[in-house]
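Letters A, B, ... are given to chains in the order of the sequence lines, protein chains preceding strands, and every chain is numbered from 1. The basis for the numbers below is simple: all heavy atoms, side chains too, and nothing from hydrogens, waters or symmetry mates.
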Amino acid sequence: MTEEKKVSNFIWDIIDEELAEGVRSSVYTRFPPEPNGYLHIGHAKAIYINFATAERYGGKTNLRFDDTNPTKEDEEYVDSIQQDIHWLGYEWDKLCFGSDYFGQTYRYAVELIQKGLAYVDELSAEEIKEYRGTLTTPGKPSPYRNRSIEENLRLFREMKEGRYQEEEMVLRAKIDMESPNIVLRDPVLYRILYASHHRTGDEWCIYPMYDFAHPLQDAIEGVTFSLCSLEFENNRAIYDWVLDNLDDFAVTRPRQIEFARLNLENTVMSKRFLKNLIDNGVVDGWDDPRLPTLCGLRRRGVTPQAIVNFCEAIGISKANSEVEYALFEHMVRDDLKMKAKRVMAVIDPLKVVITNYPEGKVEYLPVSNNQDDETMGSRQVPFGREIYIEREDFMEVPPPKYHRLYLGNEVRLIGAYFIRCNEMVKDESGRVIEIRCTYDEKTKAGSGFKERKVKGTIHWVHAPSALSCKINLYEPILLDDEGDGKDYMDRINPDSLKIMDGFCEESLKEAEAGEVFQFMRNGYFAVDSHNDPKENLTFNRTVLLKSSFKLPQKG
RNA sequence: AGGGGCAUCGCCAAGCGGUAAGGUAACGGACUCUGACUCCGUCAUUCGUAGGUUCGAAUCCUACUGCCCCCGCCA
């Protein structure tokens, strides 16, 4: 038995330690999205970390919607978020809502007041800001800070009863107005909001702030490790303060651990930016294949396994970093390699007439669906006198080491014959519109022909039977940030989508929406789910195949 | 009157006082009915910098430097 060295990370090290020392005996995590947008690949990392951590220790993970701000959240997203998590292949233990705990949260606030640890403040928002001080100067106490417990209790109850207007007063924790950590300068615990909540309706007019609600949600659910991103490091102090001061959680409480969120090259995940792209019609919705949203990636043909593998590969650490897009692409290809059927399609067609092939004759040639996995079977592909090849597979003036077609050169057609190029036909403008070749019957695929070799092998489709299709070629939605500080909207790539009219082999008439194919020698392409493939066959390029072939640089 | 974090190969990232894993990228080469895949090889005498402790330091100490986060009644 080979000892596989389990690569760890700082979070699992901490857990190993706590488990070893008996600080706790089990692991429970949670993924707590705010239902205010669609999930993207950055969320996928958080989802992975939470679920993978629980899995590693035989624990469980809750899905909890952090819906404590009715002015920002929407029911619409609750369903899509669940769908996307399922799509990634994860199953949560309990489905929870922060709003389920509004009652308990309220009672815990009362407990803090009773302990003299919270007070109702009537300072205005501006005044609170003023009193808070700055990064380098201490704050000062609110004049309302030392009200009696009874008065605080009464006022807080009246807040809940709707006796006051929004912004008239808030409940604040009484901690330390001089703390070097600004989060601890009497943070607001509850604010008044006359907004209808998607689950609790108008039952409440006061809503807890994240800093108060989150530790309670975790603790109530029995979460042991509250894994979140780096920007919450300062908030850990209030997270601990809340739980330390409540009797119910005096003994054991969850531990918050922060990790660096994902940054991907040429990708922006901010909701504001994504929404901007959609609102301005730059893309056609949350599931546009150019977006890093999970629904966008899905429509592009990216598999959930590729995303999970990617999350695993990038690791977990506290260092702010940006991952190259190439790593993501590698994971996509790697997962599709053995899963996708390999077929032939021509994206930028050039007509080829095989002059010595009988007119009208059609033969069906067997082609393997995936030569790395013969269990995927084969199909019969029609071949005849007129075919299309990729325009870039012919050159009038071939550069050095060009193995494809040019006058006098011979190549192999995948699954068919060798053909030799004899002449080309141009239109008035001098553009090559057709080439004429001859084939050698002896070289038929599977015949074992070995008399001579050919350096190039190209793909093709039989012209009369080929299916017309639209092929969407995608480039990054953002241009490189030359220099820096450029606004995202100024970096939008005007050529992020190129629509091609191509041809694919007729076997693709059976293709189903969402299905992903390898177009041999080109890349992976997914049947677009917004169009009925029977009526408007459209492919979205998932990712290019790698290629070591480079046309010599000119100039 | 500031506090909290982070710095290891182009990009991620292990490493936890015993002499720099792995992935990706790149570059060679083999193979090939995909210039793909696969396979083989190359790729940090060095861990932000400068000192110190030690037989021995990426790991410990000190001082610098750089970057990120925090002054919402957002999360």
Side-chain angles (χ1 to χ4, degrees), chain A residues 5 7-10 13 32-34 36 66 68-69 71-73 121 123-125 128-130 132-139 166-172 178-185 187-193 206-207 209-211 213-214 228-237 258 260 262 265 309 312-331 333-334 337-338 342 344 367-368 370-372 401-404 411-416 418 443 445-446 449 454-459 518-523 544-550:
Chain A
K5 231 200 267 174
V7 173
S8 190
N9 61 61
F10 78 100
D13 289 346
E34 183 183 16
N36 70 346
D66 198 357
T68 54
N69 186 346
T71 66
K72 295 207 164 181
E73 292 139 13
D121 195 358
L123 249 27
S124 70
I128 286 182
K129 183 180 164 68
E130 228 179 276
R132 186 154 35 221
T134 70
L135 294 180
T136 51
T137 56
E166 285 186 12
E167 300 190 18
E168 206 174 327
M169 54 183 69
V170 294
L171 182 73
R172 290 231 255 170
E178 297 187 4
S179 170
N181 181 355
I182 290 178
V183 172
L184 258 19
R185 315 237 265 232
V188 173
L189 265 22
Y190 262 96
R191 77 285 216 189
I192 299 171
L193 245 31
I206 55 171
Y207 292 92
M209 300 289 290
Y210 171 88
D211 279 334
H214 207 85
C228 62
S229 46
L230 249 29
E231 64 266 34
F232 291 101
E233 277 175 323
N234 296 313
N235 303 255
R236 191 172 63 238
E258 313 85 15
L262 168 69
E265 203 176 60
N309 292 346
E312 189 172 15
I314 58 178
I316 305 169
S317 76
K318 295 191 73 148
N320 287 309
S321 60
E322 182 174 80
V323 179
E324 286 182 339
Y325 201 76
L327 178 59
F328 180 64
E329 291 186 315
H330 171 264
M331 293 300 164
R333 283 188 210 104
D334 188 56
K337 183 168 63 194
M338 301 303 286
R342 301 173 186 181
M344 291 194 281
V367 177
S368 172
N370 185 329
Q371 43 276 79
D372 292 328
K401 293 196 188 144
Y402 186 77
H403 301 150
R404 284 110 96 149
V411 300
R412 180 199 302 278
L413 295 177
I414 290 176
F418 287 9
T443 61
F449 178 81
V454 99
K455 282 202 169 151
T457 300
I458 66 172
H459 58 98
Q518 180 191 119
F519 287 176
M520 280 199 276
R521 296 208 315 131
N522 196 320
L544 239 17
L545 245 28
K546 282 183 67 162
S547 172
S548 59
F549 174 70
K550 287 165 190 88

Rounding to an integer number of angstrom, what distance separates B/rG22 and B/rC40 when you compare their P atoms?
13 Å
State the pairing partner of B/rA63; accept Watson-Crick or G-U wobble contacts with both distances under 3.5 Å, and report none otherwise.
B/rU49
Neighbour count above 12 (heavy atom, 6.0 Å) for A/Glu178 CD:
no
Can you tell which of B/rA36, B/rU34, B/rA25 lies closest to the side chain of A/Ser548?
B/rA36
Take A/Ile128 and A/Arg172, measure what side chain to side chain contact (heavy atoms under 4.5 Å, CB included) needs, and give me the verdict at the end.
CA-CA 10 Å; A/Ile128 286 182; A/Arg172 290 231 255 170; 4.1 Å; yes
For A/Tyr210 and B/rC70, give me the distance from atom OH to atom P, rounded to whole Å.
14 Å
For B/rA75, does either OP1 or OP2 sit under 4.0 Å from a side-chain N or O belonging to A/Thr68?
yes
Can you check the distance between B/rG2 and B/rA58, where both ends of the measurement are the P atom (answer in whole Å)?
35 Å
Quickly work out the A/Ile314 CD1 to B/rC11 P distance and round it to whole Å.
16 Å
Does B/rC16 have a Watson-Crick or wobble mate here (both distances under 3.5 Å), and if so which one?
none
Salt bridge flag under 4.0 Å for residues A/Glu329 and A/Lys546:
no
Think A/Lys318 has a side-chain N or O under 4.0 angstrom from the OP1 or OP2 of B/rC69?
no
Which nucleotide in the list B/rC27, B/rG72, B/rG35 gets nearest to the side chain of A/Tyr402?
B/rG35
Between B/rA13, B/rA36, B/rU24, which nucleotide has the shortest distance from any of its atoms to the side chain of A/Leu545?
B/rA36
Using the P atom as the reference point in each nucleotide, state the distance between B/rC37 and B/rA26 in Å, no decimals.
10 Å
Check against side chain to side chain contact (heavy atoms under 4.5 Å, CB included), A/Leu189 and A/Met209
CA-CA 5 Å; A/Leu189 265 22; A/Met209 300 289 290; 5.7 Å; no
Measure the distance from CG on A/Asn235 to P on B/rG72 and round it to the nearest whole Å.
13 Å
Using the side-chain heavy atoms of A/Met331, tell me which of these nucleotides is nearest: B/rC73, B/rG23, B/rC12.
B/rG23
Pick the C1' atom in B/rC55 and in B/rG66, then give their distance to the nearest Å.
34 Å
Taking atom C1' in both B/rU62 and B/rU53, what distance in whole Å separates the two?
11 Å
Any donor-acceptor N/O pair under 3.5 Å between B/rG5 base and A/Glu258 side chain
no
Result for 5'-nearest mapping on RNA chain B, choosing between A/Thr457 and A/Asp372, is A/Thr457
If you look at every strand shown and take non-hydrogen atoms under 4.0 Å, does A/Leu123 touch a base, only sugar-phosphate, or nothing?
base
Looking at B/rC71, B/rA75, B/rU34, which one has an atom nearest to any side-chain atom of A/Ile182?
B/rC71
Selected nucleotide, minimal atom distance to A/Glu34 side chain, candidates B/rA75, B/rA14, B/rU34
B/rA75
Rounding to an integer number of Å, can you tell me how far A/Arg333 CZ sits from B/rU38 P?
11 Å
Go through B/rC27, B/rC69, B/rC68 for me and flag the one nearest to the A/Asn320 side chain.
B/rC68
Residue-phosphate contact under 4.0 Å: A/Ser124 side-chain N/O, B/rC73 OP1/OP2:
no
Check every strand shown and say whether A/Phe232 touches a base, only sugar-phosphate, or nothing at a heavy-atom separation below 4.0 Å.
base
Position toward the 5' end of RNA chain B (nearest nucleotide), A/Asn522 or A/Glu73
A/Asn522
Any side-chain N or O of A/Arg412 under 4.0 Å from OP1/OP2 of B/rU34?
no
Please work out if A/Val170 contacts a base, only the sugar-phosphate, or nothing of the nucleic acid, heavy-atom cut-off 4.0 Å.
base
For B/rG35, does OP1 or OP2 lie under 4.0 Å from any side-chain N or O of A/Lys455?
no
Gap in Å between the two C1' atoms, one belonging to B/rC12 and one to B/rA44, rounded:
15 Å
Nearest listed nucleotide, side chain of A/Ser321, among B/rG4, B/rG35, B/rA13
B/rA13
Base, sugar-phosphate or nothing for A/Asp13? Non-hydrogen atoms, less than 4.0 Å.
base
Check whether any side-chain nitrogen or oxygen of A/Lys72 sits under 4.0 Å from OP1 or OP2 of B/rC73, and answer yes or no.
no
Can you tell me how far P in B/rU38 sits from the matching atom in B/rU45, rounded to whole Å?
29 Å
With no angle test and no hydrogens, is the base of B/rG4 tied to the side chain of A/Asn181 by a donor-acceptor pair under 3.5 Å?
no
Watson-Crick or G-U wobble partner for B/rC39, using a 3.5 Å limit on both distances?
B/rG29
Nearest whole angstrom, please: distance from the P of B/rA75 to the OH of A/Tyr207.
12 Å
note: A/Asp211, atom CG; B/rA75, atom C1'; distance rounded to Å ~ 9 Å
Is there a side-chain polar atom (N or O) of A/His403 under 4.0 Å from OP1 or OP2 of B/rG35?
no
Residue matched to B/rC11 through Watson-Crick or wobble contacts both under 3.5 angstrom:
B/rG23
Is A/Leu230 touching bases, backbone alone, or none of the nucleic acid, heavy atoms closer than 4.0 Å?
nothing
Would you classify A/Ile192 as touching base, sugar-phosphate or nothing, given that sugar-phosphate means primed atoms plus P, OP1 and OP2, and contacts are heavy atoms under 4.0 Å?
nothing
For atom C1', what is the distance between B/rC27 and B/rG35, given to the nearest Å?
16 Å
Select base, sugar-phosphate, or nothing to describe what A/Arg172 touches, counting heavy atoms under 4.0 Å on all strands.
nothing
Go through the side-chain N and O atoms of A/Asn181 and A/Ser179 and say whether any donor and acceptor fall under 3.5 Å apart.
no
Touch check for A/Met169, heavy atoms < 4.0 angstrom, all strands: base, sugar-phosphate only, or nothing?
nothing
Of the listed nucleotides (B/rC73, B/rA14, B/rA13), which one gets closest to any side-chain atom of A/Ala319?
B/rA13
Measure from the side chain of A/Leu327, starting at C-beta and using heavy atoms only, and say which of B/rC70, B/rU24, B/rU34 lies closest.
B/rU24
Reckon A/Arg521 has a side-chain N or O less than 4.0 Å from the OP1 or OP2 of B/rG35?
yes
Partner nucleotide, any strand, of B/rG72 [Watson-Crick/G-U, under 3.5 Å]:
none
Within 45° of the axis and under 6.0 Å from the centre of the six-membered ring of A/Phe519, does NZ or CZ of A/Arg342 qualify?
no
A/Ile192 versus A/Glu167: any side-chain heavy-atom pair under 4.5 Å?
no
Can you say whether a donor on the side chain of A/Arg236 sits under 3.5 Å from an acceptor on the base of B/rG4, or the other way round?
no
So, does A/Asn370 use its side chain to make a donor-acceptor pair with the main chain of A/Lys337 at under 3.5 Å?
yes
Within less than 4.0 Å of OP1 or OP2 of B/rA36, is there a side-chain N or O belonging to A/Ser547?
no
Does B/rG72 have OP1 or OP2 sitting under 4.0 Å from an N or O in the side chain of A/Arg132?
yes
Quick check on B/rG4: syn or anti? Syn means the glycosidic torsion is within 90 degrees of zero.
anti
